[in-house]
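Notes for the one structure printed next.
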Amino acid sequence: MALLIPIFGDQLSHGLSSLAGQDKKACVILMAEVDEETEYVPHHKSKMVYILSAMRHHANDLRSAGWTVDYVKLTDAENSGSFTGEIARAIERHKVSALCVTEAGEWRVKAMLDSWPDRFDIPVEIRPDDRFLCTHAEFESWTKDRKQLRMEFFYRDMRRKSGLMMNGDTPEGGQWNFDAENRKPAKRDLAMPTPLHFAPNAVTQDVIQMVERRFAGNMGETTKFGFAVTREDALRQQKHFLDHALPNFGDYQDAMLTGEPFLWHSILSPYINSGLLDPLELCRAVEVQYRAGKVPINAAEGFIRQVIGWREYVRGIYWHAGPEYVESNAFAATRPLPEFYWTGKTDMHCLSQAIGQTIEHSYAHHIQRLMITGNFALLAGLNPKEVHKWYLAVYADAYEWVELPNSLGMSQFADGGMLASKPYAASGAYINRMSDYCTHCSYDVKQRTGPKACPFNALYWEFIARNERKLRKNPRMAMPYKNWERMADADKVALRAHAQQFLEKLG
Ligand code: FAD
Ligand code: DLZ
Ligand code: SF4
């Protein structure tokens with residue numbers, strides 16, 4: 001009789017809680033490629049190649065470490081297409097007496113796990129996922145008696161809990177947050193690092209062929225696929241980031257440049273989220289670089305804030321908000337996602353850059369997601385659920401628990417301010433300040449109306465005007481509303497008419 005341990009595609013960690021303390025000889029690990037997971041959104045081809053190849057490599061690594069792994073491929077004739085179906089088949093194959101699984105990463109899969117005890121009539125142990133710093137209970141207790149949930153205060157607790165960048169009770173450098181020093185625009189620099197490229201081996205080539213055959217219509221190309229698919233290679237990219245990009249990460253965190261998709265970002269999120277890299281171990285390595293005088297404080301603190309601050313905070317919000325969070329639509333936005341989100345074909349250069357590199361690399365950095373594709377969707381009133389499904393499909397790091405609060409909450413403000421204190425809405429001026437995009441664009445960022453006017457300008461004011469009732473009382477929106485009030489009526493009318501014309505053409 002065996003203990004069956006199912007491992008999902010975002011659980012590729014050797015220290016996974018479901019494996020801890022188990023007798024290897026008495027266990028069978030089940031890993032399964034299933035239609036249910038490959039089809040819940042039309043995943044980018046590179047995302048799919050990454051996850052399935054990383055799963056196949058992880059299965060081999062587990063075998064080398066002495067585990068018995070039963071691996072079901074998508075193409076296996078008997079594959080039932082679902083996790084539950086594969087558990088049922090594995091129970092038959094291995095004379096299973098009990099199940100042990102690390103908790104699911106999202107509501108959909110949690111519901112499935114919760115149905116297993118009844119369905120299979122054997123004991124099912126669900127263990128907490130201890131790859132996060134903050135437990136569900138801790139987050140819930142943090143939310144109690146708070147009028148507002150704000151990342152900054154949560155982050156301070158995580159700094160105290162982890163001891164990262166702390167001297168006793170006080171934060172290193174005398175302040176918690178060096179964000180004000182993280183907003184420099186970048187200039188083209190020949191010494192700019194690029195992430196390591198890992199040439200696909202035979203296992204990855206097999207997955208590429210299968211994905212190209214089965215998912216020919218999905219976004220993306222696989223010809224340039226170069227993600228790491230093993231922990232060993234992910235650690236190489238981690239070291240490469242620490243040595244070459246981290247020193248400038250802080251200064252240029254918000255910058256954007258034409259033809260430069262990566263700048264000084266780490267490109268580690270796919271590895272952290274699938275489990276190949278350990279977020280805390282990574283943050284400790286960042287602190288070591290800082291303490292050794294190799295990187296400035298705004299880089300080290302800025303990076304650590306993203307991981308133990310934002311990443312943990314959005315996970316907390318995801319579980320706190322419940323399965324109905326996905327239905328939030330505070331601005332009642334209904335416009336369908338324009339076709340150019342899938343093709344990149346638009347004459348707005350900022351959007352064609354952010355989407356173009358998404359198609360090529362399954363990657364865009366945070367400010368591109370937030371202030372280019374997200375900002376446009378917000379201003380144009382795109383349906384937030386469609387926007388969410390797009391983000392979930394197109395990025396190699398996208399799992400619902402991390403993507404949904406970022407897209408629906410942070411970028412679309414569809415939760416009415418549960419996650420963020422104000423909408424991240426900006427006109428062309430912001431994009432012009434943080435990038436060189438406008439100098440390559442057929443639109444003029446300085447114009448607000450007329451055929452050459454940058455669409456973000458009129459759309460911004462249209463957004464402000466359209467949502468006045470919902471946003472006016474927000475103290476952080478006082479300035480835009482003051483400026484809107486000061487504007488001459490004729491200008492207001494012209495701006496709104498220009499925006500309407502643009503939106504009508506958008507569909
Ligand atoms: P870096 O800029 O190098 O940052 C370092 C690490 O910090 C990242 O690897 C990531 O683990 C973490 N991090 C930074 N910001 C966030 C954040 N806001 N939330 C969670 N973690 C963060 N991140 C995902 O991991 N998966 C997603 O599906 C995802 N969807 C997003 C959708 C939208 C609309 C927005 C605005 C942001 C989204 N993010 C998502 C957050 C962020 O954009 C990515 O984590 C980051 O771009 C990944 O690239 P990187 O590894 O080079 O990050
Ligand atoms: C994203 C993804 C894809 C495309 N395919 C699989 C798969 O075939 N098998 C699997 O175990 N996981 C896959 N994943 C990742 C899962 O969607 C993710 O692990 C679950 O949603 C649990 O949160
Ligand atoms: Fe984008 Fe407007 Fe700048 Fe063109 S001018 S790149 S549309 S912000």
Side-chain angles (χ1 to χ4, degrees), residues 6-12 31-41 43 47-48 50-52 55 72 74 83 104-106 108-110 151 195 241 245-246 249 253 262-274 277 279 282 302-307 309-315 346-353 363-374 376-377 387-388 391-392 394-412 424 426-432 435 437-447 453-457:
I7 291 187
F8 307 130
D10 59 352
Q11 299 185 336
L12 310 182
M31 296 178 72
E33 300 172 3
V34 290
D35 290 342
E36 188 175 52
E37 298 305 304
T38 56
E39 291 174 6
Y40 60 77
V41 283
H43 300 285
K47 175 186 181 185
M48 218 137 34
Y50 165 64
I51 291 171
L52 300 185
M55 281 176 62
V72 182
L74 208 53
F83 281 145
E106 61 191 84
R108 180 181 59 86
V109 182
K110 180 183 185 315
M151 196 287 292
F241 165 69
L246 179 61
F249 173 84
Q253 209 177 317
F262 307 114
L263 298 169
W264 287 271
H265 290 274
S266 66
I267 334 296
L268 292 176
S269 49
Y271 313 137
I272 302 172
N273 294 347
S274 63
L277 291 182
L282 166 61
F303 188 87
I304 287 170
R305 176 165 17 98
Q306 305 312 313
V307 179
W310 279 111
R311 185 170 182 273
E312 296 276 341
Y313 178 68
V314 299
R315 178 183 188 247
T346 163
D347 51 8
M348 290 175 276
H349 183 66
C350 51
L351 280 160
S352 83
Q353 281 287 302
Y363 177 82
H365 69 69
H366 186 68
I367 292 300
Q368 294 175 306
R369 299 187 204 193
L370 186 63
M371 301 311 294
I372 306 292
T373 44
F376 182 85
V387 174
H388 140 63
Y391 282 107
L392 186 58
V394 304
Y395 292 115
D397 58 21
Y399 301 88
E400 193 181 81
W401 68 266
V402 54
E403 172 278 330
L404 187 67
N406 269 299
S407 63
L408 203 89
M410 190 187 303
S411 98
Q412 300 305 293
Y424 284 91
S427 68
Y430 171 87
I431 296 170
N432 194 28
S435 75
Y437 290 156
C438 303
T439 55
H440 299 275
C441 188
S442 58
Y443 291 108
D444 181 352
V445 70
K446 304 270 186 237
Q447 291 187 39
C454 164
F456 279 83
N457 293 335

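Positions are given from 1, in the same order as the sequence printed here. All heavy atoms count here, side chains included; hydrogens, waters and symmetry mates do not. Counting starts at 1 for both ligands and their atoms, in listed order. The structure presented is a predicted model; accordingly, all values stated were derived computationally and were not measured.
Near His365, meaning under 4.0 Å from any of its heavy atoms, are these atoms of ligand 1: 47 (O). Listed by atom number, the atoms of ligand 1 under 4.0 Å from Phe303 heavy atoms are 3 (O), 5 (C). Atoms of ligand 1 lying under 4.0 Å from any heavy atom of Ala364, numbered from 1 in the order shown and given with element: 47 (O).
For atom 3 (Fe) of ligand 3, the N/O/S atoms of Cys438 include one lying under 2.8 Å. Between atom 1 (Fe) of ligand 3 and His349 there is no N/O/S contact shorter than 2.8 Å. Note on Cys441: counted as a metal contact of atom 4 (Fe) of ligand 3, an N/O/S atom lying under 2.8 Å.
In this structure, Phe262 and Tyr363 have tilted ring planes: the angle between them lies in the 30° to 60° band. Relative orientation of the Phe8 and Phe83 rings is tilted, given thresholds of 30° and 60° on the angle between their planes. Phe249 and Phe303 have perpendicular rings, their planes meeting at more than 60° on a 0 to 90° scale where under 30° would count as parallel.
No part of Met31 comes within 4.0 Å of ligand 2, judged by heavy-atom distances. For Thr373, no heavy-atom contact with ligand 1 is shorter than 4.0 Å. Contact annotation: for Leu74 versus ligand 2, there are no heavy atoms closer than 4.0 Å. Contacts of Phe249 with ligand 1, taken as heavy-atom pairs under 4.0 Å, involve the side chain alone. Contacts with ligand 1 closer than 4.0 Å are made by side-chain heavy atoms of Ile272 only, the backbone lying farther away.
Around atom 2 (C) of ligand 2, the closest heavy atom drawn from Asp35, Val72, Ile51, Asn273 belongs to Ile51. When Glu106, Glu39, Glu400 are checked for heavy-atom proximity to atom 21 (O) of ligand 2, Glu106 turns out nearest. Relative to atom 50 (P) of ligand 1, the option among Phe262, Trp264, Tyr363 with the closest non-hydrogen atom is Tyr363. Among Ile267, Asn406, Leu263, the residue whose heavy atom sits closest to atom 35 (C) of ligand 1 is Asn406. Nearest to atom 29 (C) of ligand 1 by heavy-atom distance, out of Arg369, Gln306, Glu400, Met371, is Arg369.
Close N/O approach between Val109 and ligand 2 is not found [any backbone or side-chain N/O within under 3.5 Å].
Ligand 2 lies out of reach of Glu36, whose nearest heavy atom is not under 4.0 Å from it. Within the 4.0 Å heavy-atom shell around ligand 1 one finds Ser407.
Centroid-to-centroid, the aromatic rings of Tyr395 and Tyr50 stay 6.0 Å apart or farther.
Among all protein heavy atoms, the one lying closest to atom 5 (N) of ligand 2 is Glu37 CB, 3.6 Å.
Salt bridge status for Asp397 with Arg369: present, with a side-chain N to carboxylate O gap under 4.0 Å.
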